Structures are given as structure tokens and as C-alpha cells.
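Shown next, in C-alpha cells, is the structure this report addresses.
Each chain gets a letter, A, B and so on, in the order its sequence line appears, and its residues count up from 1. Quick caveat, the model's predicted, so the values are computed rather than measured.
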Amino acid sequence: MELKVKDFESALKSLEEIVTRLEGGDLTLDKSLELFEEGVGISRFCNSKLAEAERKVEILMKSAEGNLKEAPFAAEEENPEA
Amino acid sequence: MDLFEQRKIYSVYEITSEIKKAVEKFGIVWIQGEISNFKRHSSGHIYFALKDERAQLKAAFFRNSNLYLKFKPEDGLEVLVRGRISVYEPRGDYQIIVEYMEPVGLGSLQLAFEQLKEKLRKEGLFDEARKRPLPLLPQKIGIVTSPTGAAIRDMLRILARRNASLHVLIYPARVQGEGAAREIVEGIRYLNSRQDLDVIIVGRGGGSIEDLWAFNEEIVARAVCDSRIPVISAVGHEVDFTISDFVADLRAPTPSAAAEMVSGAREDLMATVQSLQGRLVRAVRGGIETRRLALERLARNRAFYVAPGKIREFQQRFDEAALRAAQTIHRRLARARQREQVAHTRLVKLNLGQALLHRKEIVAGLSLRLTTAVQACLERARARTQMASGRINALSPLAILERGYAICRDGKGQIVRDSVRVAVGENVEVKLARGELFCRVNQIKEN
């Protein structure tokens, strides 16, 4: 199923809407199963976004040509008093 | 006459120059007064008058002196100026050439702050409606700050401690002193040119009002306003407020707090998504359960007891009818098959009678020919066998002896074919067709 949502906010919002509609309970069985399927897809998307973990710290450095390039940034975490 | 002789005639210029010399003897003076008739020339020079209740004094504040003025002089503002009194000869105006100006009452930075704040507020840049919420789950954030300052260390420490799965991109910028505001603006603009950032944090650690000043500059405030990406302003300590705090989408009391703002939500969101998943499943299960119960209730309705009975009755009648129909068909089929078989048998018998007769004749002829041929074969074989056995007899040594030949063997039983093989006086055995002779050699004749 192609998800209509692309970002986490709208995904969470439509998941909430689907749950609310389902809990309303005045849907046909077909419709509720269709919504259920959509809801499962969206919650899977939300979970994947939550799991996407990229812990990285970079700093922009100016190259000789004047372009900005990312470089790893070594934080002085070990020495907070410095 | 004497008066006439004595009189000294000045040109306008000469007397003006004299006056100028006299006036300039005042040297450097401090004057307090209210600004009026304020004009900024496109060249950057400022002209105005200082006045009080009873007098006014023209003033010129040239560009090279007013360049670093923090606040904006305006009509009605009470100021203290330092400068030299001089005369502008082309007009004959005496005026003060201002070298320094400060507001009376507030400090000049404080005044500048209030002035810019008021100006931007009037433009609506502080309106709550302008402010965007932070994304719930930022994946990548940009930070404009000094790479060596306390702020970045604090922020990274918080992010690490909270185990925030964030990609952080630092735009290194000076955050105080000459050129700092420009670098901060460039940072905000550069980060906005990228498509991969969810939030920008602009900030620095604590310091004096002078240290934090870059964040009170109008260009920084405008860059923050213009940012497409939501901006968190995180400048100094909790008590420090800067213009960028007012225009940013969110003010963090400290850089550490900003780090917490961007990293706090993940755990909560996981719980939220999980609870929504649970509700989703329960809602659908509930929907199905409700229907099942409704169905059961309906099934218990008397109407459904009657109907099944009728249905069963119909079913039975149908089955019976179907059975009868099948039996009829079977019977008819069987009868038809029987008739067909009888006809078939007759037909076959008729044909076979003719064919058999014909074939018997053929077989009889063939078997006669076969017998004759076999007998002839046997006869030929017998004759050949007899001939062969006669020839075998002729070849047998016994048959040769029968014709009068004898076999002579020496004492060792060897057949003697040459007379030199035996010596005179030696005994030999001579085998005849019937019986043997034991002889002694009397004489030998070589061939």
C-alpha cells in the first residue's frame, strides 16, 4: 500500500484520526478493515521513523575553493571543564 | 579722520576665520541636550540640532564617528555629546562637531535594544501567529554557534546524555565581536539553503550585554525571521533576553535547554505510537466482536429456527427428486447399453464366421509346407552326420592301425619316428591294431 504521508507529524496525525474513526464504530466492516490496514501501515512508518537513528556530529569547513564541506566534529565531552 | 585711519577692514572670510579661531579655543566640550531636526544624509553624515528650553546649537556627526553608534538617535532623545565647537565658513554657522554620543538615562546598548525591539514588534515580527511549532521528531538539526564555545559543548553533552538519535551539523560562527552578526546571518542563510535540516539552533553561552550583542543586531533578527526552517534562539543564561529570542520560533533559556527541546520527544512518541497501535487493534477487534454478538443475537431469533426446518425440508425433497431422476437415467442408460450390446455381438459373430473359414485354409496349407520343409531338413542333417562320422573314423589312430600300421615306442614310452633314436639291443614296444609286441633291436638301418 502506498502511504500518503511522508513526514512523521502528518503520519501520527492520520493514525490518530484513523483510530478515532474506528473507535467511533459506525463504519462498515469493509471500511473498518480498510482503515485498519492503512493504520497498520502508518504505524509501521512511524516506528521506522522513530528507529531511524543517525547519531552523528559534523562541522562545516570551508575548503580552499570556498565551498562548505561537512567534517566529523570531535566534541570535547570527555573534558567539560576545558 | 583718525577713526578712518585706524579702521581695519576684514573680508567676510577673514572675520569668519577669526571667529572660528576664537570659537575653537573652547576645545573639547561635553554638552547635554535634546535632539531636534535630526537628518541622516545618504553619505552617512548626521545633522541635527541640540536644544534646550532657551537655545539651540547646530551639530554635525560625521560618518566615521557615528559608524559604531549602537542606538538610533532621533528627535526628542536627550543625549550627551562630546565634540569641538567650530564654524562652518560657507554658511557662517557655528556648530559642534560631534565625536561621541550617548543617550541620557539608559545605556546606549540598552536603548538600542529597546529601539529595535519596539521597531520589530511594530512590524509584527514577535507575533505568536508567526511562530512555527518544532517538528515532533527532528532527524537532523543545524547549529550556528562557536565551535569552541561552552554552548556547543553543553548542547552535545545533553544530546549524548539523552541518547538523542540526531544528526547534528555545526555551522561555525563567531558569536561576539566585530563581524559576529554577519557570520551568524550567513550561517542561518546557508543552513536554510540545505534541504536536510529540520531545526536550526542559534546561540551562545552567557556573557555581558556586549558579548551577547550580535544577537541584538537587526540583521540577525531579520535572518531568524526569514528562516524557512524553524529556529530556536538559545543565547546566554535564563535572564538574558536578546532580540533574536523574540523573533525566533522558540526561545530556549540556555543552549542546554535547546538541546533538550530537540531531543526530548522520542521516548514519548514511541509510547504514543504504541498506544495508538493498541487502540487500532482493539477498535477493529471490538468492531468485529460487536458484529459477531449481533449476529448471534439474530441467530437466536425464532425466525431462524423455523426457516432452517423449512430449508431442510426443501433440501430433502430436492434430494429425493434428484435421486429419482438419477435412477431413471441410470435405468434408461442400462437398457440402452444392453440393446446395443446384443446388436454388437450379433454383428461380430456374423463377420467372424467368414473370416475364420478363410484363415483355417491358409493355416492348413502353411502347416503342411512347414512339416515337409522340416522333414527335408532333418533328412539332410542325418545324411551329413553320417558322412562326418565316417571321416572321423578314418582319422582315428585305431583306424590307421587297422590298415596295418604299427606304433613303436622306446623304453620311456616315446614314439620312435627315427631309427637313430634307438640303439642295437634296446627294447621297444610295438603297438598293433590288436595287441602289442615287446621286441629287441637287432640291427639298425639308417635312412
Side-chain angles (χ1 to χ4, degrees), chain A residues 7-29 31-62 67-68 70-82, chain B residues 133-144 147-148 150 152-161 163-173 186-187 190-191 193-194 196 198 265-288 290-291:
Chain A
D7 63 302
F8 187 82
E9 272 86 353
S10 52
L12 198 63
K13 206 161 152 251
S14 43
L15 183 57
E16 270 163 355
E17 281 166 9
I18 285 169
V19 170
T20 310
R21 281 187 69 188
L22 278 172
E23 286 172 341
D26 51 354
L27 298 162
T28 65
L29 193 59
K31 186 67 193 170
S32 66
L33 287 176
E34 186 188 304
L35 280 176
F36 175 71
E37 204 176 314
E38 194 184 342
V40 168
I42 293 171
S43 72
R44 199 171 291 144
F45 170 85
C46 287
N47 280 325
S48 76
K49 279 283 165 195
L50 283 165
E52 261 174 34
E54 192 171 24
R55 252 184 91 189
K56 200 152 84 170
V57 182
E58 289 177 317
I59 186 161
L60 289 157
M61 306 283 267
K62 210 163 230 161
N67 299 320
L68 287 168
E70 294 92 340
F73 181 72
E76 306 149 70
E77 283 168 49
E78 311 81 53
N79 190 7
E81 308 309 322
Chain B
L134 293 189
L136 278 181
L137 188 68
Q139 306 268 335
K140 186 167 180 180
I141 65 164
I143 303 181
V144 180
T148 55
I152 189 67
R153 274 205 314 273
D154 290 348
M155 286 190 274
L156 293 178
R157 194 162 51 231
I158 297 284
L159 292 178
R161 197 185 71 208
N163 200 23
S165 300
L166 265 184
H167 186 161
V168 177
L169 183 64
I170 300 163
Y171 184 99
E186 280 166 6
Y190 169 76
L191 294 179
S193 74
R194 297 177 62 111
D196 56 346
D198 300 319
R266 187 175 295 269
E267 301 268 306
D268 293 347
L269 288 172
M270 279 181 172
T272 305
V273 170
Q274 223 144 50
S275 117
L276 282 171
Q277 271 173 331
R279 280 169 61 194
L280 185 70
V281 172
R282 276 195 301 279
V284 168
R285 277 215 191 114
I288 291 170
T290 308
R291 284 174 174 82

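- One distance of note links CD of A/E58 with CG of B/L169; it measures 6.0 Å at 0.5 Å rounding.
- Interface residue A/F36: backbone and side-chain heavy atoms are both found under 4.5 Å from chain B.
- For the pair A/S43 and B/L276, the minimum side-chain heavy-atom distance is 4.5 Å or more.
- Residue B/I152 touches chain A through its side chain alone, counting heavy-atom pairs closer than 4.5 Å.
- The existence of a salt bridge linking A/E70 and B/R194 is confirmed by a sub-4.0 Å separation between a basic side-chain nitrogen and an acidic carboxylate oxygen.
- Interatomic distance, CD of A/E9 versus CG of B/D198, reported as 8.5 Å (0.5 Å rounding).
- Within a 6.0 Å sphere centred on CE of B/M270, other residues, nucleotides and ligands contribute more than 12 heavy atoms.
- In this structure the side chain of B/Q277 reaches within 4.5 angstrom of the side chain of A/N47, judged on heavy atoms.
- Using a 4.5 Å heavy-atom cutoff, the side chains of A/R55 and B/H167 are not in contact.
- Shown here for B/L137 and A/K49, the closest heavy-atom pair between the two residues is CD2-O, 3.7 Å.
- By the 4.5 Å heavy-atom criterion applied to side chains, A/K56 and B/K140 are not counted as neighbours.
- Separation of atoms OH (B/Y171) and CD1 (A/I59) is listed at 11.0 Å; rounding is to 0.5 Å.
- Summarising the geometry, atom CD1 belonging to A/I18 is positioned 12.0 Å from atom CZ belonging to B/R279; distances are rounded to the nearest 0.5 Å.
- For the pair B/I170/A/L60, no side-chain contact is recorded, criterion being any heavy-atom separation below 4.5 Å from C-beta on.
- Counting heavy atoms from C-beta outward, B/P135 and A/F8 have side chains that stay 4.5 Å or more apart.
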